[in-house]
Novice: 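Encoded as structure tokens, here's the structure I'll be asking about.
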Amino acid sequence: MKKEELVRKAYDIAKERYAAIGVNVESALKKLQDLSISIQCWQADDVTGFENLSNLGGGGIQATGNYPGRARNVDELRADICKVLTMVGGKHRLSLHEIYGEFGDKIVDRDEVTPDYFKGWMQWAKENGLKLDFNSTSFGHPKSGDLTLANPDRAIRNFWIEHTKRCRWISEEMGKFQDDPCIMNIWIHDGMKDLTVNRFKYRQILENSLDVIFAKEYKNMKDCIEAKLFGIGLESYTVGSYDFYLGYGAKKQKIVTLDTGHFHLSESIADKISSLLLFTPEIMLHVSRPIRWDSDHVVILNDDIAELAKEIIRADALGQVHVGLDFFDASINRIGAYVIGIRATQKAFLQALLEPLAKLREYEDEGRYFERLALLEESKVLPWNAVWDYFCMVNDVPVGEDYIAKIQNYETDVTSKRK
């Protein structure tokens, strides 16, 4: 029997099995098809970017490993993204950092950047069925230091305020061009390595900087603010903590970004979803995999991502939660890293969409907690993988491990030739 016939046969059996517990598989597949994941461009080149400035690194950003074949320019990065898209189902987005503009030979400092340097990206995205999201870039610059938007030095602070304002302008033009809001994320590494006595002062400065940045309202972009537990070399104090951004987001009605690597390892990111949804308009997710710290490992289908997806579905919040990825592993094939991470995220949401939620809610409402726990356990071994294989097949992307050979061939033919 051909693989396609096996996949279809297994899917038909799975559909009947799920129907028996009140789950509409076709409805779940439709929602998965509509789930648009914002794919991070920086996995392809190890967060290097294409500007012609003296990039100093730092600010909590570090891609580890030296696997050959990283993208060295805009054309190579686009080619890699196009290859990735042939191996994942659905329609997705691409998230750009400001340092990925098409600057050519020009030296364009970050307080001088304009939408013109991203027009090529807008056109390319349109031609390839993608929507764009955007990020300001405060790290890896001679003026980064330990403090940017929270810097008491007015000249340095104003430099980064101007940079961030221009990034919002670029995002507005992207959203206008693609007729869909561009989600613009602000993350800064600001903090201190050791004991800090002026914590209030720096947070007050950051609040004022954000007020200036957000003073102009736009219609075609959405603002996100992202917290972090700590940065490399800034372990003792983070100005933009979760508490700070949660308070600011609730007060100013801004989207709060939850990066799954930016919290203590014992914290449940899933548990934050229902609280945030009560007080902020939407949520942005940056999904990565922390190992002992914010290491940005490739996303895999583990308990953390599974519970996060389930909580979003249980809260009926797919329309309010934007899903983006944020990992950058330079130790393995970068195209493979993309495909593993995107597919793992989709698998987590498929599992969540196939949960017998109506029956589980009924048990909970009636106080039948044994039945609730029993069904939660049994649902873990329902044939969701047969539904996943069918999703891949109807999207004309590799089923199962078939993508491994395709990535190996791309490495042989393309990325291995990059010196």
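Basis for what follows: all heavy atoms, side chains included, without hydrogens, waters or symmetry-related copies.
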Novice: Side chains of E102 and F118: does their closest heavy-atom pair fall under 4.5 Å?
Specialist: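 They are not in contact (no side-chain heavy atoms under 4.5 Å apart), so the answer is no.
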
Novice: By the definition salt bridge (Lys or Arg N to Asp or Glu O under 4.0 Å), identify the one residue from R361, K380, R314 that meets it with E355.
Specialist: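 Passing option: R314.
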
Novice: Taking the side chain as everything from C-beta on, heavy atoms only, tell me whether K201 gets closer than 4.5 Å to Q204.
Specialist: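 Of all side-chain heavy-atom pairs linking Q204 with K201, none is under 4.5 Å.
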
Novice: Parallel, tilted or perpendicular, judged at 30° and 60°: which one describes the rings of Y248 and F244?
Specialist: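 Correct class here is parallel.
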
Novice: Hey, are E366 and R372 close enough for a salt bridge, meaning a charged N less than 4.0 Å from a carboxylate O?
Specialist: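 No salt bridge links E366 with R372.
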
Novice: One pair to check against side chain to side chain donor-acceptor pair (under 3.5 Å): Y18 and E26. What are the steps and the verdict?
Specialist: CA-CA 10 Å; Y18 276 108; E26 292 180 353; over 6 Å; no

Novice: Can you pull the ring pair (Phe, Tyr, Trp, His ring centres under 6.0 Å) pairs that have at least one residue in residues 74-99, sequence neighbours excluded?
Specialist: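 Residue pairs passing ring pair (Phe, Tyr, Trp, His ring centres under 6.0 Å), neighbours aside: W42-H97, H97-F139.
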
Novice: Among K219, R93, K126, K222, which one satisfies salt bridge (Lys or Arg N to Asp or Glu O under 4.0 Å) with D180?
Specialist: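 When K219, R93, K126, K222 are each tested with D180, the salt bridge (Lys or Arg N to Asp or Glu O under 4.0 Å) holds only for R93.
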
Novice: Around N66, counting heavy atoms of other residues, nucleotides and ligands shown, do more than 12 lie under 6.0 Å from its CG?
Specialist: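 Counting other residues, nucleotides and ligands, CG of N66 stays at 12 neighbours or fewer.
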
Novice: Does a donor on one side chain and an acceptor on the other come within less than 3.5 Å for Y410 and D80?
Specialist: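 Looking only at side-chain atoms, D80 and Y410 do form a donor-acceptor pair, the distance falling under 3.5 Å.
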
Novice: What pairs with F177 under ring-ring contact (aromatic ring centres under 6.0 Å, His included), at least two apart in sequence or on another chain?
Specialist: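 Checked F177 against ring-ring contact (aromatic ring centres under 6.0 Å, His included); zero matches.
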
Novice: Tell me if the CD atom of E112 is crowded by more than 12 foreign heavy atoms within 6.0 Å.
Specialist: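 Above 12, so yes.
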
Novice: Rounded to the nearest 0.5 Å, what separates atom CD in E307 from atom CD in E311?
Specialist: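 Reported to 0.5 Å precision, the distance equals 8.5 Å.
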
Novice: Return the minimal non-hydrogen interatomic distance between A306 and Q351, and the atom names on each side.
Specialist: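 Smallest interatomic distance, heavy atoms only, reads CB-OE1, 4.2 Å.
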
Novice: For atom NZ of K31, is the number of surrounding heavy atoms from other residues, nucleotides or ligands below 6.0 Å larger than 12?
Specialist: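 Atom NZ in K31 is not packed in, count stays at 12 or less.
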
Novice: Just by distance, do the side chain of T86 and the backbone of K83 share a donor-acceptor pair under 3.5 Å?
Specialist: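 Here the side-chain-to-backbone pair exists.
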
Novice: Relative to the ring of H141, is the ring of F159 parallel (under 30°), tilted (30 to 60°) or perpendicular (over 60°)?
Specialist: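 Plane angle between 30° and 60°, so tilted.
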
Novice: Are the side chain of N128 and the backbone N or O of L130 linked by a donor-acceptor pair below 3.5 Å?
Specialist: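 Looks like no, no N/O pair under 3.5 Å.
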
Novice: Might you point out which heavy atoms bring Y202 and T196 nearest each other, and give the distance in Å?
Specialist: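 That closest heavy-atom pairing would be CE1-CG2, 4.0 Å.
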
Novice: Can K254 be said to sit on top of F214's aromatic six-ring, NZ or CZ under 6.0 Å from centre and within 45° of the ring axis?
Specialist: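 So K254 does make the cation-pi contact.
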
Novice: With a 6.0 Å cut-off (strictly less than), is the heavy-atom count around CD of E4, excluding the residue itself, greater than 12?
Specialist: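 No.
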
Novice: Which value, rounded to the nearest 0.5 Å, describes the distance between I255 atom CD1 and I283 atom CD1?
Specialist: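 Between I255 CD1 and I283 CD1, I get 9.5 Å after rounding to 0.5 Å.
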
Novice: Are E5 and R8 packed together at the side-chain level, in the sense that at least one heavy-atom pair is separated by less than 4.5 angstrom?
Specialist: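 No, too far: nothing below the 4.5 Å cut-off.
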
Novice: Taking salt bridge (charged side-chain N to carboxylate O under 4.0 Å, His left out) as the test, write out the residues that go with D304, two or more places apart.
Specialist: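 So D304 forms no salt bridge (charged side-chain N to carboxylate O under 4.0 Å, His left out) with any residue.
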
Novice: Just checking, is any N or O donor in the side chain of D194 or S236 under 3.5 Å from an acceptor N or O on the other one?
Specialist: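 There is no such pair (donor and acceptor under 3.5 Å, judged by atom type) between the side chains of D194 and S236.
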
Novice: Checking salt bridge (Lys or Arg N to Asp or Glu O under 4.0 Å) for the pair R166/E162: CA distance, chi angles, key distance, verdict?
Specialist: CA-CA 6 Å; R166 285 172 176 259; E162 181 63 25; 2.8 Å; yes

Novice: Would you check if the side chain of R157 reaches a backbone N or O of L149 as a donor-acceptor pair within less than 3.5 Å?
Specialist: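 Answer holds: no.
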
Novice: Using a distance-only test with no angle check, is there a side-chain donor-acceptor pair under 3.5 angstrom linking D46 and T48?
Specialist: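 No, because no side-chain N or O of D46 sits under 3.5 Å from a partner of the opposite role on T48.
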
Novice: Mind checking the CE-SG spacing from M221 to C182? Nearest 0.5 Å is all I need.
Specialist: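 So the CE of M221 and the SG of C182 are separated by 7.0 Å.
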
Novice: If only atom types and distance count, is the side chain of Y237 paired as donor or acceptor with the main-chain N or O of L195 below 3.5 Å?
Specialist: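 A pair under 3.5 Å: no.
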
Novice: Give a yes-or-no answer on whether the side chains of Y218 and D223 include a donor-acceptor pair shorter than 3.5 Å.
Specialist: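 There is no such pair (donor and acceptor under 3.5 Å, judged by atom type) between the side chains of Y218 and D223.
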
Novice: Verify the neighbour count for atom CD of E217: are there more than 12 heavy atoms of other residues, nucleotides or ligands below 6.0 Å?
Specialist: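 Incorrect, the count does not exceed 12.
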
Novice: Can a donor-acceptor pair be found between the side chains of S288 and D326 at a distance below 3.5 Å?
Specialist: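 There is no such pair (donor and acceptor under 3.5 Å, judged by atom type) between the side chains of S288 and D326.
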
Novice: Checking side-chain polar atoms at under 3.5 Å, does D294 have a donor or acceptor matched by the opposite partner on H262?
Specialist: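 A pair is found: one side chain offers a donor N or O, the other an acceptor, under 3.5 Å apart.
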
Novice: Does K119 count as lying over the ring of Y117, i.e. NZ or CZ under 6.0 Å from the six-ring centre, within 45 degrees of the axis?
Specialist: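 The answer is no; the distance or angle limit is not met.
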
Novice: Counting distance only, does the side-chain N/O of Y363 pair as donor-acceptor with the main-chain N or O of A358 below 3.5 Å?
Specialist: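 No: the side chain of Y363 does not pair with the backbone of A358.
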
Novice: In Å, rounded to the nearest 0.5 Å, how long is the span from CZ of R78 to CD of E127?
Specialist: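 Atom-to-atom, R78:CZ and E127:CD are 9.0 Å apart.
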
Novice: Answer yes or no: are there more than 12 heavy-atom neighbours, outside K406 itself, under 6.0 Å from its atom NZ?
Specialist: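 Atom NZ in K406 is not packed in, count stays at 12 or less.
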
Novice: Rounded to the nearest 0.5 Å, how far does CH2 of W293 lie from CG of L265?
Specialist: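 Reported value, rounded in 0.5 Å steps: 11.5 Å.
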
Novice: Counting heavy atoms not belonging to Q253, are there more than 12 under 6.0 Å from its CD?
Specialist: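 Count over threshold, so yes.
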
Novice: Report yes or no: is the cationic atom of K272 (NZ for Lys, CZ for Arg) closer than 6.0 Å to the six-membered ring centre of Y242, at no more than 45° off its axis?
Specialist: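 Because its charged atom sits under 6.0 Å from the ring centre and within 45° of the axis, K272 does stack over Y242.
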
Novice: Between D146 and M192, is there a donor-acceptor pair closer than 3.5 Å when you use the side chain of the first and the backbone of the second?
Specialist: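 No: the side chain of D146 does not pair with the backbone of M192.
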
Novice: Spell out, as yes or no, whether a donor-acceptor pair under 3.5 Å connects the side chain of W187 to the backbone of S138.
Specialist: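 Not confirmed, W187 side chain does not pair with S138 backbone.
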
Novice: Might you confirm whether atom CG of N409 has over 12 heavy atoms from other residues, nucleotides or ligands at distances under 6.0 Å?
Specialist: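 Yes, enclosed.
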
Novice: Apply salt bridge (Lys or Arg N to Asp or Glu O under 4.0 Å) to K165 and D111, showing your working.
Specialist: CA-CA 9 Å; K165 288 167 68 175; D111 64 341; over 6 Å; no

Novice: Salt bridge or not for D34 and K91, using N-O below 4.0 Å?
Specialist: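 Answer for the salt bridge query: no.
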
Novice: Rounded to the nearest 0.5 Å, what's the gap from OG on S209 to CG on N151? Could you check?
Specialist: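 It is 9.0 Å, given to the nearest 0.5 Å.
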
Novice: Can you find a heavy atom in the side chain of W169 that is under 4.5 Å from one in the side chain of P115?
Specialist: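 Yes, side chains in contact.
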
Novice: Please name the pair of heavy atoms, one in V23 and one in L353, separated by the smallest distance, quoted to 0.1 Å.
Specialist: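 Between these two residues, the closest heavy atoms are CG1-O, 4.4 Å.
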
